[in-house]
Amino acid sequence: MENRLKELRAARSLNQQQLGQLVGASRQTISLIERGDYNPSITLALRIAQVFETPVEEVFYLTGEEEQ
């Protein structure tokens, strides 16, 4: 699973710590998600999308291999 989290976070001038506080996650978790080393729970993914006022599919998406 890929994501646009870093891009969206930068557009809102949020650092990882601030985003983590908004969604109830640690800065380390946000960093892991951005790097693609951790896939968030559905609840966390929805909270993140809510912060950016965008559908979850615009933050997280599957690559070609994963769609099969």
If the condition is side chain to side chain contact (heavy atoms under 4.5 Å, CB included), which residues does Gln18 pass it with, not counting sequence neighbours?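 By the side chain to side chain contact (heavy atoms under 4.5 Å, CB included) rule, Gln18 matches Leu14, Asn15.
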Side chain to side chain contact (heavy atoms under 4.5 Å, CB included) against Gln28, all qualifying residues, sequence neighbours excluded
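Checked Gln28 against side chain to side chain contact (heavy atoms under 4.5 Å, CB included); matches are Ser26.
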I'd like to check the salt bridge (Lys or Arg N to Asp or Glu O under 4.0 Å) partners of Arg27; sequence neighbours left out, ordered by chain and number.
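Arg27 satisfies salt bridge (Lys or Arg N to Asp or Glu O under 4.0 Å) with no other residue.
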message: Applying salt bridge (Lys or Arg N to Asp or Glu O under 4.0 Å) as the test, list every pair that has at least one member in residues 38-51; sequence neighbours left out.
response: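 For residues 38-51: none.
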Indicate every side-chain donor-acceptor pair of residues 32-42 with a distance under 3.5 Å to a residue at least two apart or in another chain.
| unit_1 | atom_1 | unit_2 | atom_2 | d |
| --- | --- | --- | --- | --- |
| Glu34 | OE1 | Arg9 | NH2 | 3.2 |
| Glu34 | OE1 | Gln16 | NE2 | 3.0 |
| Glu34 | OE2 | Arg9 | NE | 2.5 |
| Glu34 | OE2 | Arg9 | NH2 | 3.1 |
| Arg35 | NE | Asp37 | OD2 | 3.0 |
| Arg35 | NH1 | Ser31 | OG | 3.0 |
| Arg35 | NH2 | Asp37 | OD2 | 3.1 |
| Ser41 | OG | Leu44 | N | 3.1 |

message: I need the Met1 CE to Tyr61 OH distance, nearest 0.5 Å.
response: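 Atom-to-atom, Met1:CE and Tyr61:OH are 10.5 Å apart.
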Just how far is it from atom CD1 of Ile48 to atom CZ of Arg4, taken to the nearest 0.5 Å?
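If we round to the nearest 0.5 Å, Ile48:CD1 and Arg4:CZ are 13.5 Å apart.
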Check residues 50-58 and write down every donor-acceptor pair under 3.5 Å in which the side-chain atom is one partner and the other belongs to a residue at least two apart or another chain.
| unit_1 | atom_1 | unit_2 | atom_2 | d |
| --- | --- | --- | --- | --- |
| Thr54 | OG1 | Glu58 | OE1 | 3.0 |

Decide yes or no on side-chain contact (heavy atoms from CB on, under 4.5 Å) for Val23 and Thr29, but give the supporting numbers first.
CA-CA 11 Å; Val23 300; Thr29 298; over 6 Å; no
